[in-house]
Every structure is written in C-alpha cells, then in structure tokens.
Amino acid sequence: MEATLLSNLISALVFAGLGISVFLLTFLVIDRLTPYTLWREIIDEHNTALAVLIGAVALGMSLIIAAAIH
C-alpha cells in the first residue's frame, strides 16, 4: 500500500512539473510573438485590457495542458 502511495506521489510531482514547464514555455512563445513586451505593457503602462486578455490566455492554456496530461 505504501509503495502505491509513493508511486502516485512521484507521478503527480512529475506531471505537475511537466505541466508547469509546458505552461511557461508556451507563455514565453506568446510573449515573443507579440510586438511589445507584455510585462512592461501591463505593469508600466497599466494596460488593463491586455492583462485581462493574457489572463484568459493563461487559463485556456492551463485547461488544455491539464486535459492533455490527464
């Protein structure tokens, strides 16, 4: 029983790490594809519309990655 719990825990950690890595990679690709720096535009220029858009993109990417890993 304990070996199964440990195996499941290790699998969960590996898949969580994989999901976070894929999420960061896709976010970096989106940042490179845009003609401006997202962070500067959101933080320095206070572009609320862009922040909402990037938040929606992040949620969408997270759902796709979670479904692919599951």
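All heavy atoms count here, side chains included; hydrogens, waters and symmetry mates do not. Here, residue 1 is the first one in the sequence, and each next residue gets the next number.
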Trainee: Tell me every residue that passes side-chain contact (heavy atoms from CB on, under 4.5 Å) with Ile42, counting only those two or more places apart in sequence or in another chain.
Mentor: Leu50, Ala51, Ile54
Trainee: Could you give all pairs that pass the salt bridge (charged side-chain N to carboxylate O under 4.0 Å, His left out) test and reach residues 61-70, with sequence neighbours left out?
Mentor: none
Trainee: Rounded to the nearest 0.5 Å, what separates atom CD1 in Ile43 from atom OG1 in Thr37?
Mentor: 12.5 Å
Trainee: Identify each donor-acceptor pair in which a side-chain atom of residues 21-30 lies under 3.5 Å from a protein atom, sequence neighbours left out, and give them as a table.
Mentor:
residue, atom, partner, partner atom, Å
Ser21, OG, Gly17, O, 2.8
Thr26, OG1, Val22, O, 3.1
Thr26, OG1, Phe23, O, 2.8

Trainee: In terms of hydrophobic clustering (I, L, V, M, F, W, Y; side-chain heavy atoms under 4.5 Å; direct or indirect links), are Tyr36 and Val52 co-clustered?
Mentor: no
Trainee: With sequence neighbours left out, what residues match Glu45 under side-chain contact (heavy atoms from CB on, under 4.5 Å)?
Mentor: Arg40, Glu41
Trainee: So, using side-chain contact (heavy atoms from CB on, under 4.5 Å) as the criterion, who are the partners of Ile10 when residues are at least two apart?
Mentor: Leu6, Val14
Trainee: Output every pair passing salt bridge (charged side-chain N to carboxylate O under 4.0 Å, His left out) with a member in residues 24-36, not counting sequence neighbours, ordered by first then second residue.
Mentor: none
Trainee: Let me confirm one number: the OG1-CG distance from Thr4 to Leu9, rounded to the nearest 0.5 Å.
Mentor: 12.5 Å
Trainee: Do the side chains of Ile64 and Ile20 join up, straight or via other hydrophobic residues, at under 4.5 Å, putting them in one cluster?
Mentor: no
